[in-house]
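Notes to accompany the following structure.
None of the values given here were measured: they were computed from a predicted structure.
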Amino acid sequence: MTMMVVKGQKVDVTKQFPGLTKVIVGLGWHTGSELDLDASAFQLGATGKVNREEDFIFYGNPKSTNGAVSLRDGTGDKQQFELELSAIPLDVEKIAFTITIYDAISRGQTFRQVSDLYLRILHPVTFAEMIRFPLVDFSTENSIVTGELYRYNGEWKFNAIGSGFNGGLTALCGNFGVEVAQEQSSSPQPSPTIPPPPKVEQPPAPPINLSKVELTKKGETISLRKSSGALGQISVNLNWNRKVKKSSGFLGFNKSDGIDLDLGCLYEMSDGNKGCIQALGRLFGEYLHFPFIELDGDDRTGSRTDGENLRINGNHLREFNRVLIYAYIYEGVAKWAETDGVVTIKQADNPEIVVRMDVHDPRKITCAVAMIERKGDTFEIKRLVEYFNGHQQMDRYYGWNMRWGSGSK
């Protein structure tokens with residue numbers, strides 16, 4: 001199954017596919033006949049620059065010195081890079097993949113004239129699409145850094161960058177430490193003695209769905225992108241399978257033996273102020289005033305189907321440092337496996353971000369689900385799904401260090 005990613009998201013590649021030593025990175029686009037696009041790859045060292053000019057792989061140098069990275073025309077994509085991960089030199093920490101428009105400056109061409117841009121990572125044997133990154137929201141740029149593969153604790157991960165630049169291939173090369181006199185022709189004559197690689201028929205790519213992004217691995221992160229001046233409202237919804245069985249009780253009142261989860265958060269503001277929002281203790285907060293977070297109430301009847309909701313006022317982004325989203329069981333046994341709990345984070349300019357509570361610990365009553373942390377002028381969201389014996393243990397683990405007392409709803 002393809003994992004769809006968005007700008008700012010980082011995902012494991014080799015961890016998800018143990019034993020994988022080779023990958024294919026495909027790049028694609030649609031343009032009119034007047035535009036000529038080229039894909040390039042830069043093998044980068046610890047400084048973010050190439051260690052050798054030969055580490056720049058493009059139409060004039062289609063294969064790295066040891067053959068670990070090679071450029072080719074790819075069936076199903078405009079161009080492809082084949083990477084032998086085990087052969088990439090140890091002084092290469094990441095490989096950045098770019099797309100440029102040839103002679104864009106003199107021709108007045110930009111990526112506004114390009115559609116259906118994407119990067120995808122394929123399995124080298126089955127050609128199954130493992131990761132797909134649609135590239136959107138470009139206008140005046142004439143070159144793009146699409147994404148990068150990078151080493152992390154002996155594994156390879158993918159970082160969805162999607163950043164546009166101006167200045168063409170020359171400026172892009174300068175950014176990565178390659179000196180070039182000018183952009184070269186993008187139509188070199190092929191060698192008559194080396195046949196092109198055989199074409200492999202692949203099934204058509206599945207339709208792109210940008211309506212939802214799921215964080216499935218602990219520590220995976222994604223940043224919210226903005227199309228307007230402020231983030232506005234960020235809603236956090238907790239929903240679960242209540243498995244409610246109602247029976248008539250004393251004097252005709254109903255009672256329920258279903259599972260009841262509660263949603264809450266710890267907040268830390270940029271001025272060091274800390275606090276908690278939850279139904280326990282009736283700490284419901286305020287949306288328009290400090291702390292700019294509000295819980296919509298507590299459903300103790302089991303009759304609501306939309307779960308519980310927090311609203312975070314993104315118009316006050318600079319007031320925040322971080323927000324820890326958690327769920328807890330106020331009464332009863334911690335039957336987390338029966339709840340199918342899921343947290344969904346929504347913001348108008350982004351797809352829904354989903355974190356499923358699909359890892360369980362029946363001995364503990366509190367689950368830290370996600371961390372929302374301010375990064376510059378946006379929020380970064382990280383999957384946690386870590387269980388604790390209670391609020392205080394969770395508080396100490398994540399460094400809030402507040403004083404706790406007993407409470408009731």
- Query: What do the steps show when you test Leu238 against Leu261 for side chain to side chain contact (heavy atoms under 4.5 Å, CB included), and what is the final call?
  - Reply: CA-CA 8 Å; Leu238 169 68; Leu261 298 186; 4.0 Å; yes
Salt bridge present between [X] and [Y] (N-O < 4.0 angstrom):
{"X": "Lys217", "Y": "Glu220", "answer": "no"}
{"X": "Lys382", "Y": "Glu373", "answer": "no"}
{"X": "Arg120", "Y": "Asp77", "answer": "yes"}
{"X": "Asp91", "Y": "Arg52", "answer": "yes"}
{"X": "Glu82", "Y": "Arg72", "answer": "yes"}
{"X": "Lys218", "Y": "Glu386", "answer": "yes"}

Do side-chain atoms of [X] reach the backbone of [Y] as a donor and acceptor pair under 3.5 angstrom?
{"X": "Arg383", "Y": "Met371", "value": "no"}
{"X": "Asn159", "Y": "Gly147", "value": "no"}
{"X": "Gln109", "Y": "Glu34", "value": "yes"}
{"X": "Gln347", "Y": "Asp349", "value": "yes"}
{"X": "Asp361", "Y": "Arg363", "value": "yes"}
{"X": "Thr378", "Y": "Leu224", "value": "yes"}
{"X": "Thr110", "Y": "Ser139", "value": "yes"}
{"X": "Trp336", "Y": "Lys364", "value": "yes"}
{"X": "Glu148", "Y": "Lys94", "value": "no"}
{"X": "Gln79", "Y": "Ala39", "value": "yes"}

Taking the side chain as every heavy atom from C-beta outward, state whether Arg356 and Val342 have any pair of such atoms under 4.5 Å apart.
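Side-chain contact under 4.5 Å: yes.
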Review point. Can you find a heavy atom in the side chain of Asp36 that is under 4.5 Å from one in the side chain of Asp103?
Key: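 They are not in side-chain contact.
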Enter the distance from [X]:[atom1] to [Y]:[atom2] here, rounded to the nearest 0.5 Å.
{"X": "Leu83", "Y": "Ile24", "atom1": "CG", "atom2": "CD1", "value": "9.5 Å"}
{"X": "Ser143", "Y": "Asp38", "atom1": "OG", "atom2": "CG", "value": "12.0 Å"}
{"X": "Ile312", "Y": "Leu231", "atom1": "CD1", "atom2": "CG", "value": "10.5 Å"}
{"X": "Ile293", "Y": "Glu286", "atom1": "CD1", "atom2": "CD", "value": "12.0 Å"}
{"X": "Glu380", "Y": "Lys375", "atom1": "CD", "atom2": "NZ", "value": "5.0 Å"}
{"X": "Phe81", "Y": "Leu119", "atom1": "CZ", "atom2": "CG", "value": "9.5 Å"}

Quick one: is the NZ or CZ of [X] closer than 6.0 Å to the six-membered ring centre of [Y], and within 45° of its axis?
{"X": "Arg322", "Y": "Tyr267", "result": "no"}
{"X": "Arg374", "Y": "Phe320", "result": "no"}
{"X": "Lys157", "Y": "Tyr152", "result": "yes"}

Using only heavy-atom distances, determine whether the side chains of [X] and [Y] contain a donor-acceptor pair under 3.5 Å.
{"X": "Asn66", "Y": "Ser64", "answer": "yes"}
{"X": "Trp404", "Y": "Asp395", "answer": "yes"}
{"X": "Ser270", "Y": "Glu319", "answer": "no"}

The side-chain contact (heavy atoms from CB on, under 4.5 Å) partner of Phe97 among Leu149, Ile144, Val145 is Leu149
Margin query: Can you tell me which residue among Thr2, Leu20, Leu122 is in a side-chain contact (heavy atoms from CB on, under 4.5 Å) with Met130?
Written below: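 Testing each of Thr2, Leu20, Leu122 against Met130, the sole residue satisfying side-chain contact (heavy atoms from CB on, under 4.5 Å) is Leu20.
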*asked:* Is there a side chain to side chain donor-acceptor pair (under 3.5 Å) between Gln278 and His391? Walk through the geometry before answering.
replied: CA-CA 11 Å; Gln278 61 178 25; His391 291 67; 2.7 Å; yes
Determine, using ring centers only, whether Phe388 and Tyr397 are less than 6.0 Å apart.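 Yes.
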With a 6.0 Å cut-off on ring centres, are Trp29 and Phe111 close enough? no
Item to complete: Mind running side chain to side chain contact (heavy atoms under 4.5 Å, CB included) on Leu215 and Val354 for me, showing each step along the way?
Response: CA-CA 6 Å; Leu215 302 182; Val354 176; over 6 Å; no
Is the NZ atom of Lys274 crowded by more than 12 outside heavy atoms at less than 6.0 Å?
yes
Under 6.0 Å from the NZ atom of Lys49, do we count more than 12 heavy atoms belonging to anything else shown?
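Enclosed: over 12 neighbouring heavy atoms sit under 6.0 Å from NZ of Lys49.
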In short, Ile95 meets Ala41 closest at the heavy-atom pair CG2-CB, 4.2 Å
Smallest heavy-atom separation, Cys276 atom then Leu283 atom, equals O-CB, 3.7 Å
What class does the angle between the rings of Phe56 and Phe58 fall in, given that below 30° is parallel, 30 to 60° is tilted and above 60° is perpendicular?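 The arrangement is parallel - the two ring planes meet at less than 30°.
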task = Kindly indicate, with the supporting measurements, whether the criterion side chain to side chain donor-acceptor pair (under 3.5 Å) is fulfilled by Glu155 and Thr14.
result = CA-CA 6 Å; Glu155 302 286 349; Thr14 53; 2.6 Å; yes
